[in-house]
Amino acid sequence: MNKYITRFLRNRAIKMMQRYGIMSVLVFFSLSGFSQETKQLTLQQALDLGIQNSKQLKISQTRIDIAKAKYEQLRSLQYPQVKVNAGYSRLSEVPEFIFPGQTSSFFPSIENSSRVGVSLVEPIFGGFRAKSSIESGKFLIKASEFDAEKDRSDIALNIVNAYYNYYKLQESKKLVDENLSGSRQRLKDVENLAKNGVASRNDILRSDLQVSTIRLSQIDAENNIKIANYNMNILLGLPENTILAIDSSSIFTQKDLKPYQEYVEDAAQNRSELKGADIRTQTAINNLKVSKANYFPVVSLVSNYLNANPNQRLVPAQPKWYDTWDVGIGLSYDITSLFTNKHNVSEAKTQIDQSRIFTDQLSDVIKMELNQNYIGYQQQIQKIEVNKKAVEQATENYRMVKNKYMNQVAILTDVLDADILLLQSKLNYAVAQADAEIAYQRLLQSTGKL
């Protein structure tokens, strides 16, 4: 309807341009600016848009980035520690100490003191603590990536639900429109019958009441579509005033239901939750290695370079720059860890057991979810066949009752009841088709393939 209104306004604007000149041009573009864009949308396009513009997936990406940053922090632990220090100080005047019988001081008073030094500590052995921590960092990155895959799958299913629910609303509106048109035509027929003395005044009132009732349903359907349209635009990241049109030509496709065991195998291989749980178990195993590393000493290569004026390593000190260096090996061993670290190790072992139990529990939940969705899809297929037959029966019933009424062997109430049954059967059939598609996509999600 909007496109016809826009076309009419544009034609009027062209005539105004011909009559009034440049001012009409401004009117034309103003009218064009009020038109809303209609976007034809397939399911795949909706999925692409929703995933591309999902704020939740952007949050998931930040979690991956944080995990990568922590991994780089852990990698830095294996690098040598290099420190540079420098300083200057001035000493107040103090009397020099001179040994009896000597003419010069063995410890001269030097007022100005400057120094520049570099120290290096290179870990040689630390019980494989750094290596295990780095491995844990890698696993945490993978775990966060699997979490992002899970979020992506959930968002995809939300988009599928929104897409097919929007389709159901549009189909409902279309059927209500058709039913309203038929009810208005029936009202005219009843009015003509009443003029000929065949129908009563009460029949006219009943027909008119049904028109009003269906009109109310039409208003509700229009409002529901507007709300769903707006919510879909937000979900997909489209401009809020975009009018969405479902591509019904590709919305239903033929699907082959595989044996149940194949879906179970697919879920075991593809579900990101199971992959993430396995990775977290590996992380817990590496954390145990980190805890056990506290039983070992830490051995490091230590080196220092000092250039100072005076250099305190020289005796006697002299007021000039002089550089010295040293290289050695340092060992640090926390003896108390032999008695206290066992609690950390015990906690790490318990976390491994907990992670494995959680993985088994998650596997059971996924199997139950898969079984429910598999049976649910089969049920929806059966509902389609039943509702299809119901539409045929309701159509034939309405035809027969209407003919009886026209031949004055049935009352109008029977016609109205048959009309309601026909409308309801058509609505049920449209809903069953959409619900079957949703059930199939939910089944795919259960296997990790959505």
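On a predicted model such as this, the values are computed, not experimentally measured, just so you know.
- Side-chain contact between V160 and L47 is present, with at least one heavy-atom pair separated by less than 4.5 Å.
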Chi angles and distances behind the side chain to side chain donor-acceptor pair (under 3.5 Å) call for Q282, D278: CA-CA 6 Å; Q282 293 298 321; D278 290 337; over 6 Å; no

Residue pair D353, K349: steps toward the salt bridge (charged side-chain N to carboxylate O under 4.0 Å, His left out) verdict: CA-CA 6 Å; D353 294 337; K349 290 180 178 179; over 6 Å; no

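- Here K383 does not pair with D435 in a salt bridge; the nearest charged N to carboxylate O distance is not below 4.0 Å.
- Proximity of a side-chain donor or acceptor of S172 to a complementary backbone N or O of K168 within less than 3.5 Å is detected.
- Considering every non-hydrogen atom in both I384 and A432, the closest pair reads CG1-O, 3.7 Å.
- The closest donor-acceptor contact from the side chain of D203 to the backbone of A199 lies at 3.5 Å or more, if one exists at all.
- In this structure, Y374 has its ring center at least 6.0 angstrom away from the ring center of Y440.
- Contact of the K289 side chain with the N286 side chain is registered, since non-hydrogen atoms from C-beta on lie closer than 4.5 Å.
- The main-chain N or O of V302 is never found under 3.5 Å from a side-chain atom of S300 such that the two would form a donor-acceptor pair.
- Looking at E262 and T447, their side chains never come closer than 4.5 Å, going by heavy atoms from C-beta outward.
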Residues R280, D147; criterion salt bridge (charged side-chain N to carboxylate O under 4.0 Å, His left out); working and verdict: CA-CA 11 Å; R280 286 185 169 85; D147 289 343; 2.6 Å; yes

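- Shortest non-hydrogen contact noted between Q433 and F252 is O-CE2, 3.5 Å.
- Here R271 does not pair with E149 in a salt bridge; the nearest charged N to carboxylate O distance is not below 4.0 Å.
- By the 6.0 Å contact criterion, CZ on F339 is open, its count of non-hydrogen atoms from other residues, nucleotides or ligands being 12 or less.
- Counted by atom type alone, Q424 and N428 present one or more donor-acceptor pairs between their side chains at under 3.5 Å.
- Between R356 and T359 there is no side-chain heavy-atom pair separated by less than 4.5 Å.
- Counting only distance, with no hydrogens or angles, the side chain of Y263 and the backbone of L444 share no donor-acceptor pair below 3.5 Å.
- Side-chain atoms of N341 and N344 include a donor-acceptor pair closer than 3.5 Å.
- Within a 6.0 Å sphere centred on NZ of K174, other residues, nucleotides and ligands contribute 12 heavy atoms or fewer.
- The closest side-chain donor-acceptor pair between K404 and N407, if any, does not fall under 3.5 angstrom.
- Within the structure, side-chain hydrogen bond (donor to acceptor under 3.5 Å, both in side chains) contacts touching residues 390-400 (residues at least two apart or in different chains) are R186-Y398, E396-R399.
- Between R75 and E72, at least one side-chain nitrogen of the basic residue sits less than 4.0 Å from a carboxylate oxygen of the acidic one, meeting the salt-bridge criterion.
- Ring orientation note: the planes of F296 and F125 are nearly perpendicular, at an angle over 60° on the 30°/60° scale.
- Shown here for A267 and I366, the closest heavy-atom pair between the two residues is CB-CG2, 4.2 Å.
- At least one donor-acceptor pair under 3.5 Å links the side chain of N224 to the backbone N or O of D220.
- The distance from atom CD of Q210 to atom OG1 of T413, rounded to the nearest 0.5 Å, is 10.5 Å.
- The two residues I155 and S54 have their closest heavy-atom pair at CD1-OG, 3.0 Å.
- Without hydrogens or angle criteria, Y163 side chain to L41 main chain gives a donor-acceptor distance under 3.5 Å.
- Side-chain N/O atoms of S144 and K142 include no donor and acceptor closer than 3.5 Å.
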Stepwise side chain to side chain contact (heavy atoms under 4.5 Å, CB included) test for N165 and I438: CA-CA 9 Å; N165 286 334; I438 294 175; 4.1 Å; yes

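- Within 6.0 Å of atom OH in Y230, 12 or fewer heavy atoms from other residues, nucleotides or ligands are found, so the atom counts as exposed in its surroundings.
- At least one donor-acceptor pair closer than 3.5 Å links the side chain of K255 to the backbone N or O of T253.
- Within 6.0 Å of atom CD1 in I234, more than 12 heavy atoms from other residues, nucleotides or ligands are found, so the atom counts as buried in its surroundings.
- Side-chain polar atoms of Q218 and D177 form a donor-acceptor pair below 3.5 angstrom.
- Surrounding NZ of K258 are more than 12 heavy atoms belonging to other residues, nucleotides or ligands, all under 6.0 Å away.
- Side-chain contact between V82 and S119 is absent, with no heavy atoms from C-beta onward closer than 4.5 Å.
- Under 3.5 Å, the side chains of Q44 and D48 contain a donor-acceptor pair of N or O atoms.
- A cation-pi arrangement is absent between K138 and Y71, since the terminal nitrogen or guanidinium carbon is not both under 6.0 Å from the aromatic centre and inside a 45° cone about the axis.
- Two residues are said to be in side-chain contact when any heavy atoms from C-beta on lie closer than 4.5 Å; V116 and N85 fail this criterion.
- A donor-acceptor pair is defined here as one N or O able to donate and one able to accept, closer than 3.5 Å; such a pair exists between the side chain of T340 and the backbone of T336.
- Across L169 and I225, no two heavy atoms sit closer than the pair O-CD1, 3.7 Å.
- No side-chain donor-acceptor contact under 3.5 Å links N294 and D334.
- Side-chain contact annotation: Y166 with N229, donor-acceptor N/O pair under 3.5 Å present.
- Proximity of a side-chain donor or acceptor of Q45 to a complementary backbone N or O of T42 within less than 3.5 Å is detected.
- Donor-acceptor pairing under 3.5 Å is lacking for the side chains of T242 and N233.
- Looking at Q445 and D154, their side chains do bring a donor and an acceptor atom within 3.5 Å of each other.
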S425/N387 under side chain to side chain contact (heavy atoms under 4.5 Å, CB included): CA gap, chis, key distance, verdict: CA-CA 7 Å; S425 64; N387 282 293; over 6 Å; no

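- Annotation for E191: atom CD counts as buried by contact number, over 12 foreign heavy atoms lying within 6.0 Å.
- No side-chain heavy atom of K70 sits under 4.5 Å from any side-chain heavy atom of L140.
- The two residues T281 and S355 come nearest to each other via the heavy atoms OG1-OG, 2.7 Å.
- Q61 and D65 form a side-chain donor-acceptor contact under 3.5 Å, judged by distance and modelled atom types alone.
- For R152, the CZ atom sits in a loose shell: 12 or fewer heavy atoms of surrounding residues, nucleotides or ligands are nearer than 6.0 Å.
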Candidate pair L175 and E178, rule side chain to side chain contact (heavy atoms under 4.5 Å, CB included), full reasoning: CA-CA 5 Å; L175 291 172; E178 293 175 359; 3.9 Å; yes

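- Remark: K292 NZ is loosely packed, at most 12 non-hydrogen atoms of other residues, nucleotides or ligands lying under 6.0 Å away.
- For N373 (side chain) and E369 (main-chain N/O), a donor-acceptor pair under 3.5 Å exists by modelled atom type.
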Stepwise side chain to side chain contact (heavy atoms under 4.5 Å, CB included) test for S207 and L412: CA-CA 8 Å; S207 299; L412 182 64; 3.2 Å; yes

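- Contact check for L301 versus V121: no side-chain heavy atoms found under the 4.5 Å cut-off.
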